[in-house]
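Note that ligands are numbered from 1 as they come in the structure, with each ligand's atoms numbered from 1 the same way. Not measured: the values here are computed from a predicted model.
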Amino acid sequence: MTDAPAARLAAFLEELEEVRQAREVSVIVVTKFHPAELVRELAAAGHRDFGENRHPEARDKAEALAELGLTWHFLGQLQRKKARQVARYADVLHSIDSLELVDALEGGEPGDERGVRDALVQINLTDDPGRGGVEPERLEALAERVAASPALRLRGVMAVAPLDEEPGSAFARLATHAELVRRVDASATWISAGMSADWREAVRHGATHLRIGTAITGNRAVGG
Ligand SMILES: *Cc1c(COP(=O)(O)O)cnc(C)c1O
């Protein structure tokens, strides 16, 4: 991968055009561990949606690039005590996974205006309760809580495919969970699924929002 990120973005969108067929699919470019300059480069190429998974790295980039009016997606685990800070700069919260987190997002001092944030309920598709996301048995209650929250607008679901399962079968399960959430709120139609390695399967199973890092940005310097 020696091309510039903007060229990789263009190539990615071209392939997506073939895979998505008639459906609308949005691409969130995940820029964690990359400098704000890379975001600026992709924004100059016309891209608007960017994802980050860690506070305060996410905050620093969103603040540095505030004048560009980009849409920031927060993808990482949201700590309750940091949640309100994240909601100040993140337009879309992909990782709502507990009732307590919704409580935390609703709290705040008078004058602490953030507006209503788009929210996705993250679902744990693994058997390991320690992984991010709500257990499927608790999904309906959480979706109802988000739908009723004055701080959030329920948009749909988010998940990461497990490492030890074929992604297609995991995304098929996600599609049935998404259907349940649409019964709670018919307008909650987003399915955030699919990363660099598994996005084609995600699109085939109804993903509306892909979260693409390395395939567009190149390798990250450290971890993540
Ligand atoms: C890093 C990350 C991605 C992007 O992963 P790539 O494999 O680099 O495409 C997507 N979703 C989440 C939640 C992430 O943390």
- Those atoms of ligand 1 less than 4.0 Å from some heavy atom in Arg211: 4 (C), 9 (O), 10 (C), 11 (N), 12 (C), 13 (C)
- Structural part of His94 in contact with ligand 1, heavy atom criterion under 4.0 angstrom: neither
- Message: Check this for me: does any side-chain nitrogen of one of Glu37 and Arg40 sit under 4.0 Å from a carboxylate oxygen of the other?
- Response: yes
- Query: Under 3.5 Å, is there a donor-acceptor pair between the Ser192 and Arg211 side chains?
  - Reply: yes
- May I ask you to check whether His55 and Phe74 place their ring centers less than 6.0 Å from one another? no
- Please identify which atoms of ligand 1 are closer than 4.0 Å to at least one heavy atom of Ile212. 9 (O)
- Task: Check whether any heavy atom of Arg220 sits under 4.0 Å from an atom of ligand 1.
- Result: yes
- Message: I'd like to check whether Gly213 has a polar contact with ligand 1, where a contact means an N/O of the residue lying under 3.5 Å from an N/O of the ligand.
- Response: yes
- Task: Spell out, as yes or no, whether a donor-acceptor pair under 3.5 Å connects the side chain of Asn124 to the backbone of Asp128.
- Result: yes
- Would you mind telling me if ligand 1 is within reach of the side chain of Asn53, the backbone, both or neither, using heavy atoms under 4.0 Å? side chain
- Check for a donor-acceptor pair, side chain of Thr217 on one end and backbone N or O of Gly213 on the other, with a separation under 3.5 Å. yes
